[in-house]
Q: 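One structure follows; several queries about it will come next.
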Amino acid sequence: MKTLQDHIDKLNKLNFKEMYENDFFLTWEKTDDELEAVFTLADALRFMRQNNISTKVFESGLGISLFRDNSTRTRFSFASACNLLGLEVQDLDEGKSQIAHGETVRETANMISFMADVIGIRDDMYIGKGNAYMHQVSDSVKEGYEDGILEQRPTLVNLQCDIDHPTQCMADMLHIIHEFGGVENLKSKKLAMTWAYSPSYGKPLSVPQGVIGLMTRFGMEVVLAHPEGYEVMPEVEEVAKKNAEKTGGSFKRTNSMEEAFKDADIVYPKSWAPFAAMEERTDLYGKGDFAGIDKLEKELLAQNAQHKDWACTEDLMKTTKDGKALYLHCLPADITGLSCESGEVDASVFDRYRTPLYKEASFKPYIIAAMIMLSKFDDPAKVLKKLEERDQPRKFK
Amino acid sequence: MKTLQDHIDKLNKLNFKEMYENDFFLTWEKTDDELEAVFTLADALRFMRQNNISTKVFESGLGISLFRDNSTRTRFSFASACNLLGLEVQDLDEGKSQIAHGETVRETANMISFMADVIGIRDDMYIGKGNAYMHQVSDSVKEGYEDGILEQRPTLVNLQCDIDHPTQCMADMLHIIHEFGGVENLKSKKLAMTWAYSPSYGKPLSVPQGVIGLMTRFGMEVVLAHPEGYEVMPEVEEVAKKNAEKTGGSFKRTNSMEEAFKDADIVYPKSWAPFAAMEERTDLYGKGDFAGIDKLEKELLAQNAQHKDWACTEDLMKTTKDGKALYLHCLPADITGLSCESGEVDASVFDRYRTPLYKEASFKPYIIAAMIMLSKFDDPAKVLKKLEERDQPRKFK
Amino acid sequence: MKTLQDHIDKLNKLNFKEMYENDFFLTWEKTDDELEAVFTLADALRFMRQNNISTKVFESGLGISLFRDNSTRTRFSFASACNLLGLEVQDLDEGKSQIAHGETVRETANMISFMADVIGIRDDMYIGKGNAYMHQVSDSVKEGYEDGILEQRPTLVNLQCDIDHPTQCMADMLHIIHEFGGVENLKSKKLAMTWAYSPSYGKPLSVPQGVIGLMTRFGMEVVLAHPEGYEVMPEVEEVAKKNAEKTGGSFKRTNSMEEAFKDADIVYPKSWAPFAAMEERTDLYGKGDFAGIDKLEKELLAQNAQHKDWACTEDLMKTTKDGKALYLHCLPADITGLSCESGEVDASVFDRYRTPLYKEASFKPYIIAAMIMLSKFDDPAKVLKKLEERDQPRKFK
C-alpha cells in the first residue's frame, strides 16, 4: 500500500510548473507529467481523507460554479472538491442574475471573481460555443488580475465543454489505472469506446471525444466504434491517432460494435448525438428556430432507433477478454428494462458492474481537487508534506 | 443554572451506543436514553453557543439537504445545525439534476455522498412514500460505504416524512421540558393534541402523529382530538397507547375539542388532512390524475369547512388549567383575522404566546445538531469536554 | 504606502460606537466618523487580503441574504464579504419558502435568524416598501434578541432599497477617494450625477439618490441633472443640500446634461425611472393591475425615448475637466452600439474607462465586510491588531 510519502516522492519527480496559475481545458493540452501529477495528487488527497487528515488549504475564498446544463454528479463533485480544500462554492445562477440586461462576458466574469480562487464551468450543449465561452471567461479574469482589479487570478476547471470532459475522463482513467494495478499494466490492453442506443437524443460528444483524446496516451489499443453518421470531431480523432503513435498503442475506428468488443479488456458503450446534428442544433438555436429544433429532435430519435442493436448485452460482454472486460460508464446510463425499454446496456450487465461503476465516479471530486491545487500552489508536494506535519484532523478526534 | 460539566455528566450516564453511525427516522424507534441524549446534547450545544465556545467538529464535509416539499424553518434549521458543526450544506435540487433521466435512488444517493457526512431529507407529501424513500437512500449509502465506494457512511436525519416529524416534535418536547422545569414535572400533566380548522388543505399528518408518538413517553395524560373522519395512522395510535401504558400516563382519543382542552396544561391545536384522503391523493398522484387531485382538494376544503368551530379561541383557552395552558404550534399557524378569516387560533391568543412559540422553534437547530453529533461521534461527551478545553471562540475575541 | 498599523491608528481616532450592534440603512443616518470608519476598515481588509492574512473572525455563523430583485454583483459581493469573515451565506428564496402561507415578517425574520449574525436585504422595486420592509425585519430580530429567542442580534446591511444603495455608493466613493489620492483633494471638485437614456424602463432611483445623499459630504460641487419629469425624492435632495452647506461644497439641480458635464471632474451618467412613475407602479402592483403596469411601461419607454440625446458621448466627455473626467457607473451600463442601439454611454468611452470601472466595483465586497465588522465588533481596530498577530495565512503557505 502507498503512504503519503510515496505520493510526495512521485510528485517531486514530475515537471508540472506550467499548471500553476493556469487553467485546465482539454487533457490533450497537458503533458504526460501534468496528467500524472493530477492522478498522483488525487490519490494523495483521497489517502489523506481516508486517514482523517484535513486538506483544508484556504481559510476563505470562493469557487464559482457556472452550469449552463443540468448536472448532479459534477455539481456535487465540484462542491465536494472545493469543500475539501476550504473554498466555498458560489453558484452563478443565470436566472437570478442581470446577465440578460446586456452585461458582457468580460464584465460578468470579473464582477463575480473578486474573491474567487477558481471557476468551474459546464457549457457543453452547443458546438463551438462551450469551450469558446470558457476561454472568454478565463481571458477576462486573467486581464482583470493583470489590470489590478482582482487580487488573485481565478483559474478555470472545465466541467464539460463541447469538446472534452476532462474531469470525467480523468476519473475514468484513474479508475482504470487502479483496476489494472498501474499504468505499466495497460500496455496493449484493448479499450472499446463505442456508441450505444439511447431513447433520448442530443447527448454531448465530450465523453467519447474525451475518452479517445486521453486514453490513447497509455499504449493501449483503442477502438472507436459507432454506426455511420455518428462521427465525432475529426480534430479529436487526429489527436487520438497521434497520441497512440507516440505511446506505441493504436487508434482505430470501426462501424461494428462487435468488432470493437471482441477480446476487449475495457468497454465504454455510451450514446452520443452525431457531431453534424449537434452543429445543426447550434445553428437553429442561434436563429431561435425552436420548431426546427423539435423537427431535428424527431429526426435524430428516428435515426437512433435504427440502431437499437447497438446495446451492451450479456452476449456481447461474453465476447470480451475472458467475458470479463471492465465495463465503464459516466452515468447515468440508459438501462434496458430498468430506465427504458431499450437502452445502452442490459440491466444484468449494469448490475454486475455497479460497485466498480460507483468506484469510477468516486474519483471525480479528487481529480477536481487535484486540478485546483495544481493551479493554485506552485509546490503541492511541499503543501502535502506540511499538511501531514500539521496533522489537523478533518473530523474532530 | 447548568454548566457544561452537568451536561457531560448526564450524557455519561446514558446508553446511546446504537446511535453512532445510525440514522434518525422515527422517535419511537429510539430508546428513552437515546432521546434523553438528544435533549441533553442539544442543551449543551446551545450553552456553548451562548458562551461563545465554538462547536466546530469538522474541518470539511458536506451535509446534503433534499427537500421534496416547501420549507423555510427546517431548511434554515438544518443549515444552521450543519454550520454550527462545520459541515457545509449542499442542496440536491431535483430541478437542476439529471434525476429525471432515469437515475435510480441508489445511484443518486451514492453520487452525491462522496464527501457527505450527513443527509437531511424532507419527503412528507405522499403516504407510504416519504419514509420509504428515506430508507432507500439510507440503505443505498450504507451499501456504498460497505462496498468501499464512500469513505464514510452518511447518516440520515428525517426532516419530516409521511409518518413522523422528529426534529419538530423533539424541539417541541425540549421546549415543554424547559417550560415545566424538568421531565419529572410532567407526570400527570394533560396535553391536548387537537385538530383545528384551516382554510388550506392537505397539511401533513406527521406533526400530530409525531406528537402522540413522542409525548406519550413522559407520563403525561395525552388526548388526541379531531372531528370524525380525521383519523391519523392507526399504527401510530398503537405506539402512543403502548408508550402511555409504559410510563404511567394515558392516551385517549375524542371527537370533542372542548373535552380535550378542558383543564389541559398544554394545548397543540393544528390542522391536518385526513389520513384516508392523503392516501387517496397519493394514489391519484401516482396515476397522474391531476383533475382528480383538484376534485379531491375541493371535497376536502368543503369537509374542513364543516368544522370551523374547531378553533383555539380565547374562550376555549379559558377552559384550560387556570386558563393558562402552554399553547404550542410548529408554525406557520393560520391565524383568525390575521392570515385568514377563520383559522386555527385567535389572533389575540397567538399574540400572547408569541415569545414562547418562537422559543419553541429555536430549539430545532440544536436538536438537529445533536442528532448529527450522536450519529457521527461515538463519545460526544468526550468531544464536548475537549471542545471546552480547546476553548476556541466562535466569534473572535 | 499604508501599512496595517496606519489603518489601525486611523480607526482609533474615530468615534463609531453607535455602529456596534446596529444596522446600516442609509448613509445619511451615519456620522462622518462612521462613514470614515467603513472606508478605513474596507481598505484594511483589502490590505490584509492582498498580503495573504486571513480575516476570518467567525468559526461559524450565517449571513442571511434576501434578494427581492435580480442581482449578480451585490449577491456575489455579499457572499464574498461574508466568506472573508467566516460567515456562511444562507439565501432566503421566497419561492422555496412557506411565506406565501401567511407567515408574518416578524415570524419569518426570527425563524431564519437563530444562527444569523447578519442579514443582507435588497428590496428596491416598490416605492415606500423596500426600506420599510428592512426596518420591519430589523425590528423583528431586535425584539427576538431582547426576548431571549435569538442568542445574538442579527444586524442588517441594506443591499439596495427604494431610497438608497449604500454599499454601491460607498464603493463608488472609496474609489473616488483612491483615484484622487485622499478626501482632502476632493474639495471643490465638480461631480455630475446625471440621468442618461436607456432603452429599458423602471431602473431604481436608489443610485442617483444614494450618490447625491453621500457625495455631497466631502466639499464637492455636486450637480444633479435630468430632464424635466425625472425628479428624485425631494427628501433626498434636501439631505444633499444640507450636506453640501455643512461641508462647504454645493448642490445644484439642472435640466441640462451639458451644463452638468461642463468642466466636471467626475461624471456619473445613469438612467433611472421618474419617482412619480415608480410610485404609480407600486400602486398598480398593490392592486394587482398588471395590465396597468404594462401600459405604464409603454408610456415610460416612450417618455424615455424623447431624451435619447441624454447620452455620455465622446463629445460630451471632451467638455469635462481636461476632457478627462473620471467616468463612473454601478454597472451594468447600457452601452450604445454594444448592448443596445442607443444607450447611456458610447462604447469607446466605456471601453476607455473599463479598468477603473471594474476597480470601482471591486470595493463593494470590502465595504460590505467593513459594515458587517463594525456592527459585530465593538473594537475592530483591536481585532485587526490581533489578526495581524495571529498571522494566519488565508491561503496555505
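Heavy atoms only: backbone and side chains are in, while hydrogens, waters and symmetry mates are out. Per chain, numbering begins at 1; letters A, B, ... match sequence-line order.
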Q: Only pairs of heavy atoms separated by less than 4.5 Å count here; which of A:A116, A:G86, A:G148, A:G61 has the most with chain C?
A: A:G61
Q: Between A:Q90, A:R106, A:K56, which residue shows the highest count of heavy-atom pairs closer than 4.5 Å to chain C?
A: A:R106
Q: Give a yes or no on whether a salt bridge exists between A:E388 and A:K385, defined as a side-chain N under 4.0 angstrom from a carboxylate O.
A: yes
Q: Which bit of C:I53 is near chain A, if near means a heavy-atom gap under 4.5 Å: side chain, backbone, both or neither?
A: neither
Q: With a 4.5 angstrom heavy-atom cut-off, which part of C:S54 approaches chain A: side chain, backbone, both or neither?
A: side chain
Q: Whether the side chain of A:S375 engages the backbone of A:Y20 through a donor-acceptor N/O pair (distance < 3.5 Å, no angle test) should be reported.
A: no
Q: Parallel under 30°, tilted from 30 to 60°, perpendicular over 60°: which one fits the rings of A:Y126 and A:Y285?
A: parallel
Q: With distance as the sole test, does A:N15 use its side chain to make a donor-acceptor pair with the main-chain N or O of A:K17 at under 3.5 Å?
A: yes
Q: Side chain, backbone, both or neither: which part of C:F350 has a heavy atom under 4.5 Å from chain A?
A: side chain
Q: Hey, is the main chain of C:C330 close enough, under 3.5 Å, to the side chain of C:K270 for a donor-acceptor pair?
A: no
Q: At a 4.5 Å cut-off on heavy atoms, which part of A:D117 comes close to chain C: side chain, backbone, both, or neither?
A: side chain
Q: Would you please classify the geometry between the C:W272 ring and the C:W195 ring as parallel, tilted or perpendicular, with 30° and 60° separating the classes?
A: perpendicular
Q: Quick check on C:P393 against chain A: is it the side chain, the backbone, both or neither that has a heavy atom closer than 4.5 Å?
A: backbone
Q: For A:R390, is it the side chain, the backbone, both or neither that has a heavy atom under 4.5 Å from a heavy atom of chain C?
A: side chain
Q: Give the minimum heavy-atom separation between A:C161 and A:G130, together with the two atoms involved.
A: CB-C, 4.2 Å
Q: Looking only at side-chain N and O atoms, does C:S362 offer a donor or acceptor that is under 3.5 Å from a partner on C:R46?
A: yes
Q: Side chain, backbone, both or neither: which part of C:K397 has a heavy atom under 4.5 Å from chain A?
A: backbone
Q: Between A:L387 and chain C, with a heavy-atom cut-off of 4.5 Å, which part of the residue counts as in contact: side chain, backbone, both or neither?
A: both
Q: Could C:K395 and A:F377 be counted as a cation-pi pair, given that NZ or CZ must be under 6.0 Å from the ring centre and within 45° of the axis?
A: yes
Q: Quick one: what part of A:K382 sits under 4.5 Å from any heavy atom of chain C, side chain, backbone, both or neither?
A: neither
Q: Would you mind telling me which of C:R354, C:E88, C:K359 has the largest number of heavy-atom pairs within less than 4.5 Å of chain A?
A: C:R354
Q: Would you mind checking which part of C:L85 comes under 4.5 Å of any heavy atom in chain A, side chain (CB onward), backbone (N, CA, C, O), both or neither?
A: neither
Q: Identify which part of A:N110 has an atom lying under 4.5 Å from any heavy atom of chain C, answering side chain, backbone, both or neither.
A: side chain
